[in-house]
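As structure tokens, the structure follows; a few thoughts come after it.
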Amino acid sequence: MFKQYDVIVVGAGHAGCEAAAAAANMGSSVLLVTMNMQTIAQMSCNPAMGGIAKGQIVREIDALGGYSGIVTDKTAIQFRMLNRSKGPAMWSPRVQSDRQRFAEEWRLMLEQNENVDFWQDMVKGLLVEGNKVCGVLTGMGLEIRSKSVILTNGTFLNGLIHIGEKQFGGGRTGEKAATGITEQLVSLGFESGRMKTGTPPRLDGRSLDCSKMEVQEGDENPEKFSYSDTKPLTEQRPCHITYTNEAVHEILRTGFEQSPMFAGRIKGLGPRYCPSIEDKITRFAERERHQIFVEPEGWNTVEIYVNGFSTSLPEDVQYKALCKIPGFENCKMFRPGYAIEYDYFPPQQLKLTLETKLIDNLYFAGQINGTTGYEEAACQGIMAGINAHLKITERDPFVLQRSEAYIGVLIDDLVTKGTDEPYRMFTSRAEYRILLRQDNADLRLTPKAHELGLASKERLDKVNEKLKQSNEIIAYFKKESIDPTEINAELEALGSAPLNQKVKLYSVLSRPFVNMQTFCKGSERIKNMLVNYSHEAIEQAEILMKYEGYIHKEHEMAEKLSRLEDLKLHEDFDYKLLSSLSAEAREKLHQIKPRTIGQASRISGITPSDISILMVYLGR
């Protein structure tokens with residue numbers, strides 16, 4: 001029935017879909033194996049993409065030729081750019097999605113790729129010969145052979161769902177767990193662990209009174225995720241905000257004795273930055289209320305996602321507490337919230353390509369590596385898909401540095417530092433976040449994607465045109481001056497000192513609160529000049545000029561540290577031979593097997609003196 005595939009992708013969530021698309025678009029024959037063809041790219045939790053740091057990741061995926069940004073734009077119901085009041089390094093796009101259309105669009109895009117085949121079945125084991133993977137064994141007993149395998153199992157590996165005192169196996173509500181893979185990998189020498197995540201109840205929007213809530217509209221001029229020719233929204237659905245109160249908290253506390261979390265039935269650690277509502281009212285007992293985001297699940301459905309009310313308490317306790325929230329007094333529940341425990345594999349067992357160290361041509365991506373979130377999973381998927389294709393075609397691996405992308409930060413954090421709790425990306429994790437902005441992901445990564453064969457020449461030309469336009473604007477602002485009569489009225493309105501003489505445009509733009517709109521309001525000449533350029537090029541030019549000093553300083557820092565990344569370490573080197581290293585350093589270096597001195601320096605427990613010893617060994 002089956003040919004030998006180049007790549008088999010196990011699991012069709014966000015990681016699996018991006019992995020399959022990337023490998024297939026580079027020319028590999030791909031088999032995407034999923035337990036349910038109807039749940040490809042399903043948004044298991046909140047119906048949204050992006051957010052703080054996550055939005056930057058989606059833009060990076062898009063710049064690399066991935067599909068997450070395109071699918072998000074095509075199925076969006078609301079767009080917001082978060083953190084606009086802060087500097088551009090913090091700006092983060094977020095989209096509220098139509099859950100059903102999102103999954104449908106992803107499946108349609110995959111089905112249009114002739115290199116992608118599909119098979120509905122559970123994978124219960126891997127075919128391994130020596131230390132090399134050569135295919136999968138399915139629940140039906142079928143052996144399907146391939147040159148590489150990417151595991152993107154999400155929360156399905158021995159998944160266990162908790163609602164109050166009830167426990168039942170499942171990878172997601174209404175879907176069975178996957179068994180066999182963990183046990184085999186452990187027998188092959190892998191270390192595994194347990195993690196926990198959760199999801200809130202879903203409600204009937206017809207039963208809610210939104211007049212008692214705050215309205216949260218989308219941006220007045222919505223942008224989009226993809227750098228391709230997708231269209232921004234012309235119509236948006238509002239979300240709403242309400243709050244818990246002490247009455248809600250009192251009812252929730254009545255269920256604590258039946259809580260699987262407090263009773264110790266849940267062994268895995270949950271996400272620190274997305275705690276359950278019972279965890280919130282325990283950890284933050286001094287707070288009288290907690291914010292609840294009321295998010296519609298799509299254009300044509302009444303289903304509501306109750307963001308901020310993740311819980312595994314008994315369903316009757318959940319319902320009674322919900323009814324005490326303003327606007328929820330007469331709510332009807334579609335299904336309760338629940339917690340889910342699942343197996344993961346500590347990611348220090350991976351190379352920076354996401355290939356496992358123990359088994360050649362076997363890759364892990366997504367929650368199997370200890371991450372949480374669609375975006376974190378998707379970016380691992382595209383990197384695993386790229387590297388699987390490169391490995392079997394005997395090409396050099398593709399690894400992004402920490403100064404090149406949030407994706408590089410995420411993978412380096414996982415592989416070098418590991419994680420014992422669900423890992424979530426934040427801007428604070430990136431030491432070069434002024435360089436890694438959401439507005440320049442195309443400039444950073446599309447040329448690399450073009451070299452890989454994932455970005456078309458048209459895409460690259462578009463990037464080059466944006467760069468050309470922004471450079472022209474910068475040159476104009478550095479060359480041309482502005483008369484006080486053109487701009488003083490606008491400066492005074494901003495509380496900025498008026499000009500006494502002609503000054504370079506660049507100098508005025510560097511002032512706080514002054515932006516391109518300031519010039520367009522005050523000067524018809526500049527307004528007419530800028531009309532010839534795209535919004536993206538104008539925004540790029542403005543950021544580069546206003547933050548030139550900071551950007552230059554960060555570039556210098558990145559270049560200095562990149563010298564350490566150029567010093568390669570052989571992954572087969574026996575660190576136990578270097579007796580001058582500390583015992584902890586020998587143990588950690590042997591476990592992680594860093595590729596470079598730079599990576600070695602970021603391993604927990606490695607001291608500057610250990611790095612000096614390694615440098616001496618390298619003759620530096």
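Keep in mind that the numbers below use all heavy atoms, side chains included, and drop hydrogens, waters and symmetry copies. A quick note: this is a predicted structure, and the numbers were derived from the prediction, not measured.
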[atom2] on [Y] to [atom1] on [X], rounded to 0.5 Å:
| X | Y | atom1 | atom2 | value |
| --- | --- | --- | --- | --- |
| Glu278 | Ser310 | CD | OG | 7.0 Å |
| Ile340 | Thr197 | CD1 | OG1 | 8.5 Å |
| Arg424 | Cys274 | CZ | SG | 6.5 Å |
| Glu587 | Lys576 | CD | NZ | 9.0 Å |
| Asn158 | Thr179 | CG | OG1 | 6.5 Å |
| Ile382 | His14 | CD1 | NE2 | 14.5 Å |

Tell me the closest heavy-atom pair linking [X] and [Y], and the distance in Å.
| X | Y | result |
| --- | --- | --- |
| Ile551 | Leu435 | O-CD2, 3.8 Å |
| Leu400 | Ala405 | CD1-CB, 3.9 Å |
| Ile161 | Gly170 | CG1-O, 3.9 Å |
| Gly66 | Glu18 | CA-OE1, 3.4 Å |
| Ser312 | His162 | CB-O, 3.7 Å |
| Leu436 | Gln56 | O-CG, 3.9 Å |

**Request:** Begin with the C-alpha distance, continue with both residues' side-chain angles, and end with the deciding distance and a verdict on side chain to side chain contact (heavy atoms under 4.5 Å, CB included) for Glu404 and Lys448.
**Result:** CA-CA 11 Å; Glu404 293 178 313; Lys448 297 177 184 291; 3.0 Å; yes

**Residues Glu341, Arg265; criterion salt bridge (Lys or Arg N to Asp or Glu O under 4.0 Å); working and verdict** = CA-CA 10 Å; Glu341 278 188 291; Arg265 288 189 295 276; over 6 Å; no

Can you check whether [Y]'s main-chain N or O pairs, donor with acceptor, with [X]'s side chain at less than 3.5 Å?
| X | Y | value |
| --- | --- | --- |
| Tyr67 | Ala21 | no |
| Ser582 | Ala585 | yes |
| Arg586 | Leu581 | yes |
| Asp6 | Ser28 | no |
| Glu60 | Tyr406 | yes |
| Thr39 | Gln42 | no |
| Glu191 | Pro346 | no |
| Thr155 | Gly171 | yes |
| Lys357 | Gln348 | yes |
| Tyr363 | Asn387 | yes |

Donor-acceptor pair between [X] and [Y] side chains, under 3.5 angstrom:
| X | Y | answer |
| --- | --- | --- |
| Thr371 | Gln380 | yes |
| Thr607 | Asp610 | yes |
| Arg602 | Thr416 | no |

**Request:** May I ask you to establish whether Arg402 and Tyr432 are in a cation-pi arrangement, using a distance under 6.0 Å from NZ or CZ to the six-membered ring centre and at most 45° from the ring axis?
**Result:** no

**Message:** Ring of Tyr547, cation from Arg437 - is the NZ or CZ under 6.0 Å from the centre and inside 45° of the axis?
**Reply:** no

**Message:** Exactly one of Leu151, Ile368, Asn369 should register a side chain to side chain contact (heavy atoms under 4.5 Å, CB included) with Phe345. Which one does?
**Reply:**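 Checked Leu151, Ile368, Asn369 against Phe345; only one passes side chain to side chain contact (heavy atoms under 4.5 Å, CB included): Ile368.
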
**Message:** So if I apply the side chain to side chain contact (heavy atoms under 4.5 Å, CB included) rule between Ile611 and each of Ile606, Ile603, Leu567, Val616, which one comes out positive?
**Reply:** Ile606

**Message:** Checking Ser92 against Gln438 for the side-chain hydrogen bond (donor to acceptor under 3.5 Å, both in side chains) test, could you report, in this order, the C-alpha distance in whole Å, the side-chain angles of both residues, the deciding distance, and whether it holds?
**Reply:** CA-CA 7 Å; Ser92 302; Gln438 56 84 31; over 6 Å; no

**Prompt:** Under the ring-ring contact (aromatic ring centres under 6.0 Å, His included) criterion, do Tyr575 and Phe573 qualify, and how do the steps go?
**Reply:** CA-CA 6 Å; Tyr575 292 97; Phe573 180 72; 5.0 Å; yes

**Message:** Please verify the inter-ring angle class for Phe364 with Phe190; under 30° counts as parallel, over 60° as perpendicular, anything in between as tilted.
**Reply:**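 Geometry flag for Phe190 against Phe364: tilted rings.
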
**Prompt:** Can you list the steps and then say if Ile392 with Val7 is a side chain to side chain contact (heavy atoms under 4.5 Å, CB included)?
**Reply:** CA-CA 9 Å; Ile392 62 179; Val7 181; 4.3 Å; yes

Heavy-atom check, side chain of [X] versus side chain of [Y], under 4.5 Å:
| X | Y | answer |
| --- | --- | --- |
| Pro47 | Phe102 | no |
| Val409 | Met425 | yes |
| Cys17 | Leu110 | yes |
| Tyr374 | Thr72 | no |
| Trp106 | Ser68 | yes |
| Glu565 | Val399 | no |
| Ile592 | Gln599 | yes |
| Ile144 | Tyr5 | yes |

**Prompt:** Which of these passes side chain to side chain donor-acceptor pair (under 3.5 Å) with His552: His555, Glu554, Glu556?
**Reply:** Glu556

**Request:** Using the side chain to side chain contact (heavy atoms under 4.5 Å, CB included) rule, take Thr419 and Met195 through it: C-alpha gap first, then chi angles, then the decisive distance, then the call.
**Result:** CA-CA 11 Å; Thr419 185; Met195 280 190 178; 4.2 Å; yes

**Request:** Determine, stepwise, if the pair Asp62 / Leu445 fulfils side chain to side chain contact (heavy atoms under 4.5 Å, CB included).
**Result:** CA-CA 9 Å; Asp62 184 76; Leu445 300 178; over 6 Å; no

**Asked** Got more than 12 heavy atoms from elsewhere within 6.0 Å of CZ, Phe2?
**Response** yes

**Request:** State whether the number of non-hydrogen atoms from other residues, nucleotides or ligands found under 6.0 Å of Lys132 atom NZ is greater than 12.
**Result:** no

**Message:** Please determine whether a side-chain nitrogen of the Lys or Arg among Glu375 and Arg94 lies less than 4.0 Å from a carboxylate oxygen of the Asp or Glu.
**Reply:**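 A salt bridge is absent here (no side-chain N lies under 4.0 Å from a carboxylate O).
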
**Request:** For side-chain hydrogen bond (donor to acceptor under 3.5 Å, both in side chains), just list the numbers for Thr446 and Asp442, CA-CA rounded to whole Å, side-chain angles, deciding distance to a tenth of an Å, and then say yes or no.
**Result:** CA-CA 5 Å; Thr446 298; Asp442 54 342; 5.9 Å; no

